[in-house]
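For reference, the structure is listed below as structure tokens.
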Amino acid sequence: MKFATWNVNSLRARADRVEDWLDETDADVLTIQETKCRDENFPWGMFEMMGYQVAHFGISQWNGVAIASRVGLDDVEYGFAGQPEFGKNGVDPEVEARAISATVGTKNTDVEPFRLYSLYVPNGRSLEDEHMEYKLRFLDALHNHVTEDLTDTTRVALTGDWNIAPYDEDVWDMEFFLNNGLTHVSEPERAAFRAFEDSGLVDVVRPRHPGPETYTYWDYQRLRFPKNQGMRIDFILASQHLANDVTDAWIDREARKGPGPSDHVPVVAELG
DNA sequence: ATGGTAGACAATCTA
């Protein structure tokens, strides 16, 4: 059984790519970020024709998260308990479409079911921006929610775009980030990510594909991809009980090639 | 050369 996570940067603009990728990789489950659409614009039919159930949380042209599965999709939760709201410039605060979860693996597979999250962590924009404080609040609330009932037998995977490069090797040039005061590498962001690792959630990819120069995202601008000036910011963090069942995991760098790619590539895990 | 990309939606906003 194979599951993956992918920030597609608009599902409508990338529908053909997603369809082709699912065909080629034969993934059973895909968590998607940045669908950039509301439900009425979501390509339900494409997933249905391919034999996937799909759940989507999208309330505007921004953000948007989904889970597609052909091995069961049960008990869908939109957002998570305690997810902070955000609103600026007097706009009514609301829970943004940045988290959706479901239980997968309940049918058509031999693996034990597990709880799966599709997460789009807020972009902090700049170190002083109010979005940075929101990002840290979001991560703290998510950590509280997920670790609340975490035990030795918990089966959960937190997947998606974390917008954090947790270690120096996860960017092409730390000096560039430090000299320009950029986000994704600041100590508060990294501490927020480490809190998940300290609570026993395991990055299933890094041990199999260590850095440096192993990335999941390359900016569209400035030839970042041809120069391999990327960032590792998309992760599959699994509880230890689930991580024990992971037989392989990788980053599909090929998906960044060719015409019309997302700026992120899929991160994949296989369960035995 | 003071820009360069991409996608939402249709003047800017987001990343």
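By convention in this document, chain letters (A, B, ...) are assigned in the order of the sequence lines, proteins followed by strands, and residues within each chain are numbered from 1. The analysis underlying the following values was restricted to heavy atoms, covering all of them including side chains, and did not include hydrogens, waters or symmetry mates.
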query = Would you say B:dG7 has OP1 or OP2 under 4.0 Å from some side-chain N or O of A:R14?
reply = yes
query = Where is the tightest heavy-atom contact between A:R38 and A:H56, given as atom of each residue plus distance?
reply = C-CE1, 3.9 Å
message = So if I take every side-chain heavy atom of A:Q61 and compare against B:dC9, B:dA15, B:dT5, which nucleotide ends up nearest?
response = B:dC9
query = Between A:D129 (CG) and B:dT14 (P), how many Å, whole number?
reply = 9 Å
ask   = Can you tell me how far P of B:dG7 sits from CZ of A:R38, to the nearest Å?
value = 20 Å
task = Taking atom C1' in both B:dT2 and B:dA8, compute the distance separating them and give it to the nearest angstrom.
result = 27 Å
inquiry  = Rounding to an integer number of Å, can you tell me how far A:H131 NE2 sits from B:dC13 C1'?
reply    = 10 Å
query = Can you check the A:R256 CZ to B:dT5 P distance for me, whole Å?
reply = 12 Å
query = Choosing from B:dC9, B:dG7, B:dG4, which nucleotide comes nearest the side chain of A:R222?
reply = B:dG4
message = Would you measure the distance from the C1' atom in B:dC9 across to the matching atom in B:dT14 and give it in whole Å?
response = 12 Å
query = Any idea which of B:dG7, B:dG4, B:dC9 is nearest the A:N9 side chain?
reply = B:dG7
task = Check the pair A:N9 / A:Y220 against side-chain hydrogen bond (donor to acceptor under 3.5 Å, both in side chains), numbers first and verdict last.
result = CA-CA 11 Å; A:N9 183 23; A:Y220 287 119; 3.0 Å; yes
remark   = Of A:N123 and A:Q221, the one whose nearest nucleotide on DNA chain B sits closer to the 5' end is A:Q221
Carboxylate-amine/guanidinium contact A:D26 A:R70, below 4.0 Å = yes
request  = Report which part of the nucleic acid A:Y120 touches: base, sugar-phosphate, or nothing (heavy-atom distance under 4.0 Å, all strands).
outcome  = sugar-phosphate
task = For nucleotides B:dG7 and B:dG3, find the distance between their P atoms and express it as a whole number of Å.
result = 22 Å
task = Considering only atom P, compute the distance from B:dG4 to B:dA10 and round it to an integer number of Å.
result = 23 Å
inquiry  = Output the rounded distance in Å from CG (A:N7) to C1' (B:dA6).
reply    = 12 Å
inquiry  = Without decimals, in angstroms, what is the distance between A:N63 CG and B:dA15 P?
reply    = 7 Å
note = Among the nucleotides B:dA6, B:dC9, B:dT14, whichever has the atom closest to the side chain of A:W62 is B:dT14
ask   = To the nearest angstrom, how far is A:K135 atom NZ from B:dT14 atom C1'?
value = 14 Å
remark   = Here the distance between atom P of B:dA6 and atom CG of A:D219, to the nearest Å, is 10 Å
A:D173, CG: over 12 other non-hydrogen atoms inside 6.0 angstrom = yes
task = Report the C-alpha distance between A:F196 and A:W162 in whole Å, list the side-chain angles of each, state the deciding distance to 0.1 Å, and finish with yes or no for ring pair (Phe, Tyr, Trp, His ring centres under 6.0 Å).
result = CA-CA 12 Å; A:F196 289 87; A:W162 293 71; 5.1 Å; yes
request  = Look at A:R125 and B:dA15 and indicate whether a side-chain polar atom (N or O) is within less than 4.0 Å of OP1 or OP2.
outcome  = yes
